[in-house]
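This report concerns only the one structure given below.
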Amino acid sequence: MIIEDYSNINQIIAENSYSSVFLLLDTNTDRHCLDLFIKKSGIKDFKKVVVEDGEESKSLDTCEYVWEYLNSNNGDRKSLLINIGGGVVTDLGGFIASTYLRGIDFINVPTTVLCMVDAAFGGKTGINFKSIKNQIGVINKPKGVLIDIDYLETLSNEEYINGFAEIYKHSLITDNKNLQFKNLVKLDFRKDIKDIIHSYSSIKNKVVELDLYESNHRKVLNLGHTIGHAVESYSIISKHIDKLKHGEAIAVGLITELYISHKIHGFDHKDLLSIKEELLRRFNRITFTDLDQKEILKIMSYDKKNYGNTLKYVLLKAVGSPVIDQEVDEELFYMAFDFYNS
């Protein structure tokens, strides 16, 4: 459920007679967003728990820290956890709430473009395990998601643009021609942001409604993520590639997987080049050595989307025509990185 008014949060709290309200924030949202949330929501009776910002916080150690905080502050099965932050906070907080005392309610308050259009929705929660992204988690939908674009004013330009990788992805899988890639790039990413978030989050929501547990159709949302997630995980442990933001890694995944789509399914070459040009205009190009590519391929073998020892991709026949569960040989994987590096 999308919450567009802070009064709805108070209504949810009253209707469910929660015994206590906890706020989960990271160090950035504690500094930049908490005052705005308190001012707009009017919530006064709460306890806050703050974790370090960054992907490293999606860990079992952080979960233990928060679970212990809940225990020490009289958390019970009628407690509510409100997650205020980007994708790390909503992924982490959703997982913590879903597993604490076999599950307590939670509300997501996304504060980044990425989270508002993608991460806060769909019910996927989780943490990373041994540098493998989202290796442990559950699917459990939040009680509600509050969308307030005023939080975006706290973001750097780099963090703001980071969210657009998922928006690009949505524009590639949707069959709504008005929302497809060619029309998206005509919009002003600042002035039109409210409409962009509303339109492109609705694409994900419609997919999730059809297939909450990713048994079939929901897999289309993984376009760019088979390679992209592995690239992101690799950047955390690599000694010469700087740690990448989610959007930067997904941009790599989109370019390489669309190249593979061109080779296997005849995805239009002109579209491929224009999408590559747009993504590299927004996101810095990363140089991947042969060794990097081998390590990325190795990480992909742990991907939760795999079946047995077989890697599964989402590819495109054309914009708006995704195909799921595609097998790709290693030679084509390396060719895709040659295309990206060129």
Side-chain angles (χ1 to χ4, degrees), residues 128-135 165-166 168-170 172-173 181 207 211 214-238 240-241 244 246-280 283 285-342:
N128 304 333
F129 183 65
K130 295 186 176 180
S131 299
I132 306 300
K133 190 169 174 68
N134 298 333
Q135 190 79 343
E166 293 289 352
Y168 286 125
K169 179 202 72 179
H170 291 163
L172 294 170
I173 63 174
F181 180 83
V207 172
D211 182 15
E214 203 174 78
S215 58
N216 191 30
H217 183 63
R218 183 171 178 166
K219 294 176 184 177
V220 302
L221 294 171
N222 291 325
L223 176 69
H225 286 61
T226 301
I227 292 176
H229 270 172
V231 167
E232 187 175 1
S233 295
Y234 178 65
S235 76
I236 296 173
I237 61 175
S238 173
H240 69 276
I241 293 178
L244 300 177
H246 180 72
E248 294 175 304
I250 296 307
V252 177
L254 287 173
I255 293 170
T256 50
E257 292 181 26
L258 290 181
Y259 175 83
I260 295 170
S261 298
H262 167 66
K263 287 296 185 180
I264 293 180
H265 292 293
F267 183 81
D268 187 83
H269 191 252
K270 288 183 179 179
D271 286 344
L272 172 62
L273 293 178
S274 67
I275 293 165
K276 177 183 178 182
E277 181 182 4
E278 170 68 11
L279 289 172
L280 292 181
F283 299 95
R285 187 196 300 269
I286 300 108
T287 300
F288 295 99
T289 66
D290 291 347
L291 179 59
D292 293 332
Q293 294 169 44
K294 289 178 182 178
E295 291 301 314
I296 290 166
L297 187 59
K298 187 185 300 182
I299 291 172
M300 287 167 61
S301 67
Y302 297 103
D303 194 298
K304 59 188 177 300
K305 296 181 286 296
N306 295 340
Y307 297 93
N309 294 319
T310 305
L311 288 170
K312 297 291 185 179
Y313 290 71
V314 176
L315 302 177
L316 293 185
K317 293 181 178 179
V319 174
S321 298
V323 284
I324 63 173
D325 293 338
Q326 300 295 290
E327 296 183 24
V328 176
D329 61 39
E330 289 188 14
E331 182 182 4
L332 202 45
F333 167 86
Y334 291 117
M335 289 172 62
F337 270 90
D338 288 341
F339 172 74
Y340 174 84
N341 284 331
S342 64

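Using a 4.5 Å heavy-atom threshold, the side chains of Asn216 and Ile324 count as touching. By the 4.5 Å heavy-atom criterion applied to side chains, Ile286 and Val231 are not counted as neighbours. Inter-residue side-chain proximity for Ile260 and Phe267 is flagged as unmet; no heavy-atom pair is nearer than 4.5 Å. Side-chain contact between Ile275 and Ile255 is absent, with no heavy-atom pair separated by less than 4.5 Å. For the pair Leu316/Val323, no side-chain contact is recorded, criterion being any heavy-atom separation below 4.5 Å from C-beta on.
Distance check, rounded to the nearest 0.5 Å: CG of Leu254 to CD of Glu166 gives 8.0 Å. How far CG of Asp292 is from CD1 of Ile241: 4.0 Å, rounded to the nearest 0.5 Å. Here the straight-line distance linking atom CG of Leu221 with atom NZ of Lys219 works out to 12.5 Å at 0.5 Å rounding. In this structure, the separation between OG1 on Thr287 and OH on Tyr340 is 8.0 Å, given to the nearest 0.5 Å. The CZ atom of Phe283 sits 6.5 Å away from the OH atom of Tyr168 when rounded to the nearest 0.5 Å. In this structure, the separation between CG on Asn222 and CG on Leu315 is 11.5 Å, given to the nearest 0.5 Å.
In this structure, Ala165 and Gly247 approach most closely via the heavy-atom pair CB-O, 3.4 Å. The two residues Gln135 and Phe129 have their closest heavy-atom pair at CB-CB, 3.8 Å. Residues Ser235 and Leu244 come closest through the heavy atom pair OG-N, 3.0 Å.
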> Passes side-chain contact (heavy atoms from CB on, under 4.5 Å), Thr226 versus Val314? Steps please.
Replying inline: CA-CA 8 Å; Thr226 301; Val314 176; 5.9 Å; no

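Listed by first and then second residue, the side chain to side chain donor-acceptor pair (under 3.5 Å) pairs involving residues 251-276 are His265-Gln326, Lys276-Ser342 (not counting sequence neighbours).
Listed for the Ser233 side chain is a donor-acceptor partner under 3.5 Å among the backbone atoms of Lys133. Counting only distance, with no hydrogens or angles, the side chain of Gln293 and the backbone of Phe288 share a donor-acceptor pair below 3.5 Å. Without hydrogens or angle criteria, Asn134 side chain to Asn128 main chain gives no donor-acceptor distance under 3.5 Å.
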Using a 3.5 Å cut-off and no angle test, enumerate the donor-acceptor pairs between side-chain atoms of residues 327-334 and protein atoms at least two apart in sequence or in another chain.
| unit_1 | atom_1 | unit_2 | atom_2 | d |
| --- | --- | --- | --- | --- |
| Glu327 | OE2 | Lys312 | NZ | 3.3 |
| Asp329 | OD1 | Glu331 | N | 3.3 |
| Asp329 | OD1 | Leu332 | N | 2.9 |

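Between His246 and His229, the ring planes are tilted. Angles from 30° to 60° get that label.
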